[in-house]
Structures are given as structure tokens and as C-alpha cells.
Amino acid sequence: MHKNKYALIVVDNASTNTDKLFTYIIPEEIINYIEVGKRVLVPFGKSNRLLEGLVIEIVDDINFSSNKLKPIKKVIDDTPILSKKLIELGLWMKDKYLAQYIEVFKTIMPTGISNKVIKYIRITEGYNRAYEDRLDEKQKKIIEYLLELKECELNRLKTDLCIKNINLHIKDLEDRGLVELFDKIDTGIGKKYEKFVKRLFDKDKTTEIIDSLKKNANKQIEVIRTLSDVEYIKLKELMMKTDCGYSTVKSLHSKGLIEILDINVNRNPIKRYIPPYKRVSLTEHQKLCLDTIINDIYKNNKNKFLIHGVTGSGKTEVYLQLIDKMLKQNKDSIVLVPEISLTPQTVERFMGRFGDNVAILHSRLSIGERYDEWRKIKEGKVKIVVGARSAVFAPFNNLGLIIIDEEHENSYKSSMNPKYNAIEVAEKRCDLENAALVLGSATPSIETYYRAKNGDFKLLEMPIRANKAKMPSIEIVDMKEELEKGNKSIFSESLFKAIKDNLHNKKQTILFLNRRGFSTFISCRKCGYVVKCSECDISMTYHLDSNILKCHYCGLSVKPPTTCPECGSRYIKYFGIGTQKVEEYIKKLFPSAKVARMDVDNTTKKGSHERILSDMKNGKIDILIGTQMISKGLDFPNVTLVGIIAADMSLNLPDFRASERTFQLITQVSGRAGRGDVEGRVILQTYEPEHYSILTSKEHDYKKFYDMEIKIRKEFNYPPYTNIINIVLGSKDEIKLNEASKEFYFCLVNRLEKNLNVIRNDLILGPNPAPIYKIRNSYRQQIMIKCIEKEVEIVKKILGDLVIDKKNDKMFKDIKISIDINPISII
DNA sequence: AGCACGCCGACT
DNA sequence: GTCGGCGTGCTC
């Protein structure tokens with residue numbers, strides 16, 4: 001007799017209560033098709049509605065009573081959509097980041113690939129109108145509706161007809177055999193088709209044909225002319241070139257002169273021509289670095305590396321040649337770069353070297369484009385992926401190498417569930433697939449450097465710039481002194497003079513301020529009222545270009561008030577500076593200079609980014625003003641001056657990483673200066689010239705900074721000496737939230753005390769109002785746990801169980817609980 | 001989450 | 001009685 005096999009399945013149903021593996025019977029007829037990593041359709045719940053599921057494991061036996069088990073309905077995929085290794089990685093992530101199965105696997109699978117099963121309803125084939133007498137009014141209405149449409153989505157019928165208790169009526173009709181329900185699978189996005197136009201007439205007869213058209217059919221003539229040069233052309237392109245509409249093309253089609261075809265195209269996100277990026281010979285340090293890595297991998301000595309190379313030391317060339325080595329062994333490589341440096345400049349280097357062998361993954365791709373890139377990887381058409389955080393899940397089967405550039409960047413940590421850190425995930429993936437991991441940065445994160453020092457990574461140093469250019473000189477300007485001198489401007493004398501000289505010498509300048517907008521807050525001088533966002537506990541930023549106040553947290557925008565809403569006074573003043581104000585001042589002070597600004601406010605449109613950068617490259621910009629968007633990867637040899645308008649902006653944030661972040665920002669921005677022949681100069685304005693972040697960055701001394709910072713981390717028990725688990729409870733109801741947070745805190749302490757030997761009070765902090773107490777009308781309370789590596793697993797287990805218990809607790813209704821393991825910021 | 005069941009008040 | 005509203009609990 002056939003013995004059943006069973007599949008453990010993650011069902012596409014997001015809820016804490018269904019966050020487990022469900023066991024299904026594998027029917028005999030699909031036993032040869034089902035495989036771990038394929039998607040299936042399964043009946044779920046009392047109504048047996050069909051849901052998509054992912055097969056995690058196939059087992060021969062189960063150890064519980066099986067009378068409740070249902071059979072799998074259908075296998076969706078021909079080949080597994082996820083490899084076993086990626087499934088294993090997902091299961092690891094679930095535990096590591098306390099996430100749900102479904103969240104994890106939706107992150108690993110390409111977005112937009114998921115199927116939806118939609119219920120349809122139709123009249124049965126043998127329907128006979130004679131039955132209608134026996135129906136009540138409502139049922140007649142349903143039948144009438146269906147007779148007209150033949151079949152329709154069940155939900156559409158329900159909303160269109162507005163009949164109460166409609167489910168019962170439908171069920172009754174179904175029981176009588178008058179209507180039937182059936183499922184249709186909506187496969188989401190498919191392959192991309194694009195309309196092409198094909199010429200059907202002979203090229204030599206072009207003039208003849210033009211003569212045959214009406215004399216006033218100018219547009220049609222234009223189209224024929226264009227087509228005489230090319231046989232195929234994209235419809236869009238044709239319409240653009242000839243400035244004609246679809247009707248023109250259609251009328252030529254009806255005349256039989258052209259054909260309109262749907263052709264399957266792979267969307268190609270990089271549409272421009274990319275010049276080859278030639279291999280350059282390596283400097284001594286680059287060569288040493290490359291050889292060490294290759295040797296260690298080859299000898300199986302070590303497969304995790306940290307390259308600490310100063311800005312401009314040529315890390316990219318090392319990456320490129322490493323990838324080349326991998327290609328020679330027929331192995332795949334993943335390159336992660338921070339989202340904001342996924343600029344054409346970076347992409348061009350990889351595509352310029354490896355051409356069509358590269359797939360690109362970043363957030364600005366459309367769902368369809370992303371799917372195409374994913375498919376190229378999956379089908380083995382490319383061996384290299386360059387992408388942001390989620391590219392760490394690229395579905396390669398023969399992975400040899402993961403490179404993470406600018407390893408210290410915040411964007412490697414996801415802010416959505418699962419709140420994973422791509423560096424940790426990459427490390428795990430490399431362990432699972434026996435691949436090598438290379439991290440690179442000019443300013444490694446304290447955690448990574450600490451681990452390198454402890455031998456987890458092999459530390460490789462590249463202390464000088466590849467073209468022997470000197471590191472820029474950094475001059476610190478104390479803004480308190482400027483003020484005493486009577487200079488109230490946002491530019492110190494020294495910076496002003498430097499910009500002037502630079503303009504005169506026809507060199508480019510970059511001005512950096514890590515805050516967008518014009519004024520950071522506006523306030524009444526009479527009563528002190530500050531305009532705050534009505535949804536968030538945050539002051540609103542004034543934007544000059546659109547003349548509105550914007551909340552940078554929820555995006556809400558309002559018109560700025562002309563009189564104070566509190567006291568009616570008209571003395572409204574604008575305080576604080578943002579990039580727009582810097583731009584405004586610069587334009588006033590240097591009217592002849594060509595000025596551009598680059599921040600999220602003017603780079604959301606596709607291509608805007610590229611335009612500013614190419615203008616910069618072609619010398620169409622003298623002064624570029626920007627936020628941290630301009631701090632990464634830009635390589636313009638003609639930039640000789642960098643001005644940091646307010647270096648302490650990031651220093652005073654209530655976050656233990658404030659010093660680290662400041663050091664990184666200063667170093668990265670400074671690194672934009674003096675990449676060409678002329679030595680770069682950086683002018684750094686600050687109110688805290690004695691701070692160690694500022695002093696060590698002036699000296700380009702990472703190690704000194706590290707030594708000071710790591711002492712502080714140890715003293716105050718911060719990472720890397722501890723793990724931080726940040727729990728944020730949120731709700732629109734402030735009072736309920738306070739009660740719930742206290743309850744959560746006490747339960748947590750209680751359970752931890754029962755399970756841990758030592759429990760120190762300072763290790764569970766809270767509940768405290770979060771630094772931004774209200775966001776989008778939701779209040780937030782924070783509980784923070786600090787725990788040592790040895791205890792982190794048990795603490796997470798206890799916390800995870802507690803969350804599940806509390807979600808079923810009435811007291812926690814409408815309370816959102818969000819957990820972040822080792823958050824990137826505790827604000 | 002999404003669905004069915006069941007309890008209870010309102011209304012014919 | 002019976003319609004329909006909403007709270008409760010379960011999903012292999």
C-alpha cells in the first residue's frame with residue numbers, strides 16, 4: 001500500500017497565530033513533482049480557501065494524530081524557487097531576528113512573484129431558467145447579475161450587489177446546483193511584452209508609398225520615412241521620433257503597410273551605452289590585499305576578510321579582480337553596495353568590466369524589472385550581481401564570493417521585518433555555501449573592526465591612495481569663535497574665502513550639510529510656539545522651493561502660517577539651516593557660480609540623480625550642495641574643496657553611535673576632495689572642535705578613533721560588548737499604551753528572572769517614551785534589553801514567547817509590538 | 001488575516 | 001420566531 005508522505009509548509013497568511021509550519025499530505029499523483037523550495041496551493045481554514053505555500057521540508061512520518069491533515073492541491077513551480085541553502089538561511093533569520101516565517105520568505109523571494117488565488121463564480125452549465133420560480137428576490141438578483149456577466153470575481157459580485165447575508169444565498173444556490181465557485185490563479189507579473197512595429201513594405205518603394213498617401217497625412221509620411229531606415233522599431237520609440245499618436249500607426253497598420261507585434265523583451269535597467277572599464281595594474285597594497293585573499297581562500301585558511309582602505313585607495317579594483325578570479329573558477333559573486341551609492345558611477349564600473357554578466361538589483365527598479373533581473377540570476381544567465389541589501393539573497397547555486405562595500409553603512413540593516421543585517425546574513429550564507437566574504441570600508445564599523453581584531457575577519461590594510469594622491473588637509477573652524485568675531489553667517493570667514501578662491505581657480509566645491517529643507521523649524525518670537533506636525537511629535541521643516549512645511553517622518557505637508565496659531569502674533573521666525581538655505585545663501589554670495597543641490601527632495605525622479613552627477617562630471621557645476629547622498633563613492637578629480645557646514649549635527653544625537661557616525665561622515669565627505677592632481681582641502685565647521693571624533697578625523701587616524709571609542713563602548717556596556725534588543729510598543733491610544741508597556745515590562749522581567757541566573761537592573765531599561773514619542777498619530781514606548789552573547793538566545797526565546805502570549809491578551813489589543821535585534825540606531 | 005460559528009438584541 | 005450585528009476562536 002502507498003504510504004503517505006507529508007510536506008511542512010509556510011502558508012501565505014500573515015498572523016502571529018498562523019506563524020508555524022503546517023503539515024499537509026502529499027497526494028500520490030504529485031509525489032514526483034513536489035520538492036523543497038517549490039510553491040504549492042493548499043486548502044486552508046474552515047472554508048478551505050486556497051492559499052499559496054512554500055515547501056520547507058518533506059517528511060515520511062509525523063508524530064501526531066493525522067485526522068486533521070488535508071492534501072496539497074497543486075504544485076505551482078516547475079523548478080524550486082528557493083534553493084535548500086536559501087531556505088536554511090531563511091530559517092536561521094527567523095530565529096535570529098524574531099521574525100515570522102512568511103516575512104522572512106517574502107523577503108528572500110523576489111517581490112511580485114507571489115500568486116494570488118481568486119475565487120470566481122459562474123452559472124452552472126446545465127442551468128435552466130425554469131428554476132428561477134423557486135428562488136427568492138435576492139437569489140434572483142444574483143442569478144440575473146451572473147447571466148449577464150457569465151462569470152465574475154466573487155468579491156466583485158459581493159460589493160456590486162450589496163446583499164446582506166450574501167454568503168448564505170450563494171451557498172444555497174450552490175447546493176441547488178445553479179451556480180458554482182471556482183478558482184483562478186493570478187500569477188502577478190509575467191514576462192514583459194513590448195509592442196514593436198515591423199515594416200512590411202519594400203525599402204526601395206518608400207517614395208511610391210508616400211505618394212500613395214494623402215498629401216495632408218504628414219504624420220503618416222513621417223512614420224513611413226522613419227521606417228524606411230529600420231525594419232523593426234519599438235512602438236514607443238517610433239511614436240516619440242515622429243511625434244505621432246497611436247492612431248497614426250494604427251491607420252498604417254490597417255493599410256497593411258506595417259505590422260504591430262508583441263515581442264517578449266527583457267527589461268534592461270541600464271539603457272545607456274556603457275564604456276568598457278579597463279583593468280588597471282595594481283598598486284603594491286592592492287596586489288598584496290588581492291593575493292592574500294586569493295591565497296587564503298585557495299588554501300582554505302580563512303574566508304572572511306575586512307579591507308580597511310582609505311578613501312581613494314582603490315578597493316573597487318580589488319573587488320573587480322577578485323570577481324574575475326571567481327569567474328575563472330565558474331563561481332558566482334554578489335556585490336552589495338549601499339543604496340545611495342548604487343549610482344551609475346558604481347554600476348558602470350562593474351558593467352564596464354563584465355558587461356552582460358552582471359545583474360543589477362536596487363529599490364528603484366520596477367517590480368517587473370526586478371523580476372527580470374532575478375530570473376537572469378536564477379537561470380544562470382549572469383554570474384555577478386551588484387545590488388543593495390536584499391541582493392544578498394540573489395538565487396545563485398554556485399556562490400563563491402560576497403563583497404560588501406562601505407560595510408559601515410546603515411542601509412545594510414533593514415528597518416522592516418525581518419529587521420535583518422545584510423552583513424550578518426551574508427556571513428551566514430557564506431558559511432552555508434562555503435563562499436568567501438569580503439567587507440570593505442574606509443571607516444569600518446566599530447563592531448566589525450572589533451571582530452577583525454579578534455580574528456573573526458582577516459584584516460587587510462590599504463593605507464594610501466591608489467594614485468599616490470595625498471589625503472586632503474582638514475582645517476577645523478570653531479564656530480563659537482566666529483560668532484565672537486561677529487560673523488553670524490553660516491559660513492566661516494575661512495570657508496567663504498576658500499570657496500571664492502576655488503571658484504576663481506575654476507575648481508569644483510562640495511558643501512555638505514546632513515539636513516535637507518530650508519529651515520528646520522519655525523517658531524513664534526512672541527510666545528515661543530513651534531510648528532509641529534499634527535501626526536508626529538516633531539517640528540516641521542520649511543521647504544523654500546515648494547513654500548511648504550514638511551514633516552520628515554510622515555511626509556505630511558502644510559502651508560506655513562503667517563500669524564502664530566497660538567497668540568496671533570505676526571512675528572514668525574524661521575530657524576535652523578538645511579541644504580536649501582545653504583543653496584540660497586551661496587547663490588546670493590556668489591551670483592555667477594553654477595550651483596546645484598542634491599538631496600532626496602530633488603532626486604526622487606528616475607534619472608535626476610544621474611543628471612546632477614553628469615553635470616558635475618562635465619564641469620557644469622561649480623558648487624554642489626548636498627546631504628549624505630553626496631558623501632559616498634563620488635569620484636570627481638576636479639573637486640578640491642569640501643566644506644562641512646555643521647559637523648556636530650550628528651554628534652549630539654541621543655544615540656551611542658553618534659560619535660562613530662560623525663567620524664564616518666567627516667571621513668567619507670572629506671574623501672571626495674583632492675582625488676585628482678591637486679591636493680584637496682576640507683574646511684570643517686563645528687561648535688565642538690575638541691571632540692575626539694573631530695580631532696581624529698582631522699588626522700585621518702581611524703585607529704586612534706577606534707581605540708577611544710571602543711573604551712567608551714566597554715565602559716558603558718554597549719555593542720560590541722553587548723547585544724541590544726529594542727522593543728517598541730505603539731498605539732494611537734496613549735493611556736492603553738502606557739498600561740500595556742508597563743505590563744509588558746513586568747512580565748518580561750519576571751520571565752527573565754526565572755530563566756537567567758543573574759539579572760541586573762540596568763540591563764532592562766524602560767518603558768520610556770521613545771525619543772520621537774509620536775509618529776503618524778501613534779504613540780511609542782520603548783523597552784531596551786542589553787544582553788551578553790551567551791544569553792542572547794534564551795532572552796530572544798523568552799521575548800518571542802511573551803510577544804505571542806501578549807498578542808492574544810485583551811490588554812494588548814491595538815498595541816503594536818516591534819522588536820529590533822541590534823538596531824542600527826536607538827532613536 | 002480571514003472566515004465561520006454562536007450569542008443576543010431588535011423587529012416583524 | 002428569524003434577521004443580522006458583532007465578539008471569539010481556529011486555521012495542518
Side-chain angles (χ1 to χ4, degrees), chain A residues 3-28 30-31 34 36 38-76 91 94 99-107 114-121 135-139 141-142 153-159 161-175 181 183 186 416-418 736 803-818:
Chain A
K3 191 176 175 313
N4 274 327
K5 282 200 171 199
Y6 306 91
L8 306 187
I9 286 167
V10 174
V11 175
D12 184 4
N13 187 340
S15 151
T16 29
N17 295 323
T18 48
D19 180 39
K20 48 186 155 187
L21 296 175
F22 287 84
T23 309
Y24 280 86
I25 298 167
I26 303 174
E28 210 177 335
I30 64 165
I31 192 78
I34 198 160
V36 168
K38 283 184 180 178
R39 290 168 304 160
V40 289
L41 286 182
V42 289
F44 193 75
K46 282 184 187 155
S47 60
N48 281 332
R49 72 205 154 97
L50 288 180
L51 289 183
E52 189 188 307
L54 178 71
V55 181
I56 298 298
E57 206 182 329
I58 293 172
V59 293
D60 292 324
D61 280 305
I62 43 168
N63 51 10
F64 55 91
S65 80
S66 59
N67 53 7
K68 272 161 107 189
L69 297 190
K70 296 175 186 174
I72 291 169
K73 173 99 177 191
K74 188 182 169 217
V75 180
I76 296 175
L91 297 174
K94 177 186 163 55
Q100 291 179 22
Y101 282 108
I102 192 70
E103 292 169 335
V104 167
F105 288 108
K106 286 224 163 154
T107 307
S114 114
N115 292 286
K116 274 213 175 79
V117 180
I118 297 168
K119 275 227 178 302
Y120 276 72
I121 182 169
L135 301 176
D136 65 26
E137 282 307 308
K138 287 172 184 170
Q139 289 173 333
K141 250 174 108 180
I142 295 171
E153 253 178 64
L154 185 60
N155 279 335
R156 197 181 140 196
L157 177 124
K158 285 183 186 173
T159 48
L161 292 182
C162 283
I163 296 173
K164 292 197 171 170
N165 260 358
I166 194 161
N167 284 343
L168 290 179
H169 293 295
I170 290 170
K171 190 143 191 356
D172 190 44
L173 288 169
E174 205 186 352
D175 288 344
L181 297 173
D183 296 299
D186 177 12
M416 288 186 307
N417 280 342
K736 264 174 101 180
V803 170
I804 292 172
D805 290 350
K806 289 303 170 195
K807 287 227 165 135
N808 292 321
D809 187 332
K810 249 192 194 158
M811 196 174 172
F812 284 76
K813 199 173 171 280
D814 301 321
I815 305 269
K816 276 200 185 123
I817 304 173
S818 152

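Lettering of chains follows the sequences in order, A, B, ..., and the numbering in each one begins at 1.
Here CG of A:Leu41 is found 10.0 Å from CD1 of A:Ile9. Values are rounded to the nearest 0.5 Å.
Looking only at distances, a side-chain donor or acceptor of A:Lys94 sits under 3.5 Å from a matching main-chain atom of A:Ala99.
Contact annotation: the side chain of A:Ile102 never approaches that of A:Asn13 to less than 4.5 Å [non-hydrogen atoms, C-beta and beyond].
Among residues two or more places apart in sequence or in another chain, the ring pair (Phe, Tyr, Trp, His ring centres under 6.0 Å) test is passed with A:Tyr101 by none. Looking at residues two or more places apart in sequence or on another chain, you find a side chain to side chain donor-acceptor pair (under 3.5 Å) between A:Glu103 and A:Asn417. Under the salt bridge (Lys or Arg N to Asp or Glu O under 4.0 Å) criterion, A:Lys38 pairs with A:Glu35, not counting sequence neighbours. In terms of the salt bridge (Lys or Arg N to Asp or Glu O under 4.0 Å) criterion, residue partners of A:Asp805 (sequence neighbours excluded) are, by chain and number, A:Arg751.
Counting 5' to 3', DNA chain B first comes under 4.0 angstrom of a heavy atom of chain A and last does so at the ends given by B:dA1 to B:dA4.
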Under 4.0 Å protein heavy-atom contacts per nucleotide of nucleotides 6-12 of chain C, with B for base, S for backbone only and - for none: -----BB

